[in-house]
K.L.:
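Would you mind keeping the following structure in view while I ask a few things?
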Amino acid sequence: MDHTTLMEREYFWKEYYNGKWLAENEQPQPWLDLSNERVYAQTLSLALQAAGPVGGRRCLDVGCGWGQMALCLRTLGGHSVGIDIVEGSIAELQRRYPHIQWVSGSFADRSVVESLGRFDVILAIEVLQYVDWADTLSMLWSNLNAQGRIVGVIPNADCPIVQRSTARFEGNYRGVEAKRLSALLDQLPSLNTWAMQGILFRRDQQLWPYETTSWSNTWNWPVIPNRLMFVAQKC
């Protein structure tokens, strides 16, 4: 993908989410892009489980939105940094929670991320579909300390629901196939181990919306999941 196309995609999402933030600023929802509060809450819970202990560790919340993940990490004893391209949201977070470092900028820009230093835990939850996911994931991995973990959630490109979203946003929104994600994770330098699980909607959603597959290095699921969650740890 050429640089101009990447810049156009970032501009598209910057305008989209700045407009969404302005529309919701008076009565903000606790999420910016997932479909509802219950989905958002369970996604955060699953990501925190995958992150493991965060107390005393330096943690980066990539595409932090309203800042809930960074706030959770801080409450659990982590040293949180949140980054997002939505200037209004970052300015409000800086005003409300000055004890956390909030950064307005592109998490796909190597110079911006490198300026933040290195991290023990990096979470990229529902954001890699807006950028070149492979380049961004590799870049974030390079900013991870030894024994550090990166946790991500990204739409599954093989899912029909995701394919409709891709068509709706005319290619600015792109999931990833499990096979391609697996291949990239296998090639990460200084890799200790990685695992992936599928996230799919339950038929009965009265108590919680999602069910998950077992953690694995394969993707032979009987039902196509909506999302892919992965965790990778450095040596």
Side-chain angles (χ1 to χ4, degrees), residues 1-18 32-33 47 50-51 54 57-65 67 69-70 73 78-91 93-94 100-155 157 169 171-177 180-192 194 228-235:
M1 185 180 301
D2 63 81
H3 185 63
T4 302
T5 303
L6 289 173
M7 291 183 63
E8 289 173 349
R9 284 179 69 188
E10 181 168 308
Y11 178 78
F12 174 89
W13 290 114
K14 188 172 184 178
E15 292 295 297
Y16 178 87
Y17 280 113
N18 269 301
L32 274 177
D33 59 350
V54 298
R57 293 168 171 82
R58 196 157 189 264
C59 306
L60 178 63
D61 180 10
V62 176
C64 62
M69 177 62 81
L73 294 167
H79 305 288
S80 300
V81 178
I83 183 170
D84 206 292
I85 60 174
V86 184
E87 295 98 336
S89 176
I90 291 295
L93 289 167
Q94 289 170 338
I100 293 177
Q101 182 181 356
W102 306 102
V103 179
S104 177
S106 172
F107 54 82
D109 187 324
R110 182 175 296 274
S111 63
V112 172
V113 175
E114 287 183 347
S115 72
L116 303 177
R118 300 178 71 83
F119 295 88
D120 304 300
V121 178
I122 297 177
L123 295 108
I125 311 303
E126 288 294 326
V127 293
L128 293 174
Q129 63 265 38
Y130 305 131
V131 294
D132 184 318
W133 68 269
D135 283 353
T136 302
L137 178 54
S138 297
M139 180 266 295
L140 292 172
W141 180 258
S142 69
N143 274 69
L144 199 62
N145 287 326
Q147 287 85 53
R149 286 190 181 191
I150 187 165
V151 177
V153 177
I154 185 169
F169 290 112
N172 288 301
Y173 176 105
R174 300 178 184 179
V176 62
E177 300 88 350
R180 292 185 62 203
L181 178 59
S182 173
L184 185 141
L185 292 170
D186 272 333
Q187 296 171 10
L188 291 174
S190 303
L191 176 69
N192 178 26
W194 70 267
L228 306 174
M229 172 172 280
F230 64 90
V231 57
Q233 183 166 318
K234 269 192 173 180
C235 296

K.L.:
How long is the straight-line distance from CD1 of Ile154 back to CD of Glu126, given to the nearest 0.5 Å?
P.N.:
8.5 Å
K.L.:
If you measure from CZ on Arg110 to OG1 on Thr136, what distance do you get to the nearest 0.5 Å?
P.N.:
9.5 Å
K.L.:
Taking all heavy atoms of Gly65 and all of Asp84, pick out the closest pair and write down the distance.
P.N.:
N-OD2, 2.8 Å
K.L.:
Please report the closest heavy-atom contact between Gly78 and Cys59, naming both atoms and the distance.
P.N.:
CA-SG, 4.4 Å
K.L.:
Are any non-hydrogen side-chain atoms of Leu137 and Phe230 less than 4.5 angstrom apart?
P.N.:
yes
K.L.:
Can you list the steps and then say if Asp186 with Trp194 is a side chain to side chain donor-acceptor pair (under 3.5 Å)?
P.N.:
CA-CA 8 Å; Asp186 272 333; Trp194 70 267; 2.9 Å; yes
K.L.:
Would you sort out whether Ser80 and Asp61 count as a side chain to side chain contact (heavy atoms under 4.5 Å, CB included), showing the intermediate values?
P.N.:
CA-CA 7 Å; Ser80 300; Asp61 180 10; over 6 Å; no
K.L.:
I'd like to know if the side chain of Arg149 and the backbone of Ala232 have a donor-acceptor N/O pair within less than 3.5 Å.
P.N.:
no
K.L.:
Please report the interatomic distance CG(Asn145) to CG(Asp120), rounded to the nearest 0.5 Å.
P.N.:
4.5 Å
K.L.:
Mind listing the closest non-hydrogen atom pair of Gln147 and Gln233 along with its distance?
P.N.:
O-CG, 3.8 Å
K.L.:
Which atom names give the shortest non-hydrogen contact between Val176 and Leu181, and what distance separates them?
P.N.:
CG2-N, 4.0 Å
K.L.:
Is any side-chain heavy atom of Glu177 closer than 4.5 Å to one of Ser182?
P.N.:
no
K.L.:
Using side-chain heavy atoms (C-beta onward) and a distance below 4.5 Å, is Leu184 in contact with Trp133?
P.N.:
yes
K.L.:
Checking Gln187 side chain against Leu185 main chain: does a donor-acceptor pair fall under 3.5 Å?
P.N.:
no
K.L.:
Does Ile85 reach the side chain of Tyr130, with side-chain heavy atoms less than 4.5 Å apart?
P.N.:
no
K.L.:
If we only count heavy atoms from C-beta on, is the Leu140 to Phe119 side-chain gap below 4.5 Å?
P.N.:
no
K.L.:
Would you mind reporting whether Cys64 and Leu93 have side-chain heavy atoms less than 4.5 Å apart?
P.N.:
yes
K.L.:
Mind checking the CD1-CZ spacing from Ile122 to Arg58? Nearest 0.5 Å is all I need.
P.N.:
10.0 Å
K.L.:
Ignoring hydrogens, what is the shortest heavy-atom contact between Ala51 and Val121? Give both atom names and the distance.
P.N.:
CB-CG1, 4.0 Å
K.L.:
Does a side-chain heavy-atom distance below 4.5 Å link Asn143 with Leu116?
P.N.:
no
K.L.:
Give a yes or no on whether the backbone of Trp102 and the side-chain of Gln94 come within a donor-acceptor separation of less than 3.5 Å.
P.N.:
yes
K.L.:
Could you tell me whether a side-chain N or O of Ser138 sits under 3.5 Å from a main-chain N or O of Asp135, the two making a donor and an acceptor?
P.N.:
no
K.L.:
Give the minimum heavy-atom separation between Ile125 and Ala47, together with the two atoms involved.
P.N.:
CD1-CB, 3.7 Å
K.L.:
Which value, rounded to the nearest 0.5 Å, describes the distance between Asp109 atom CG and Glu114 atom CD?
P.N.:
9.0 Å
K.L.:
Looking at CH2 of Trp141 and CG of Leu191, how far apart are the two atoms once the value is rounded to the nearest 0.5 Å?
P.N.:
5.0 Å
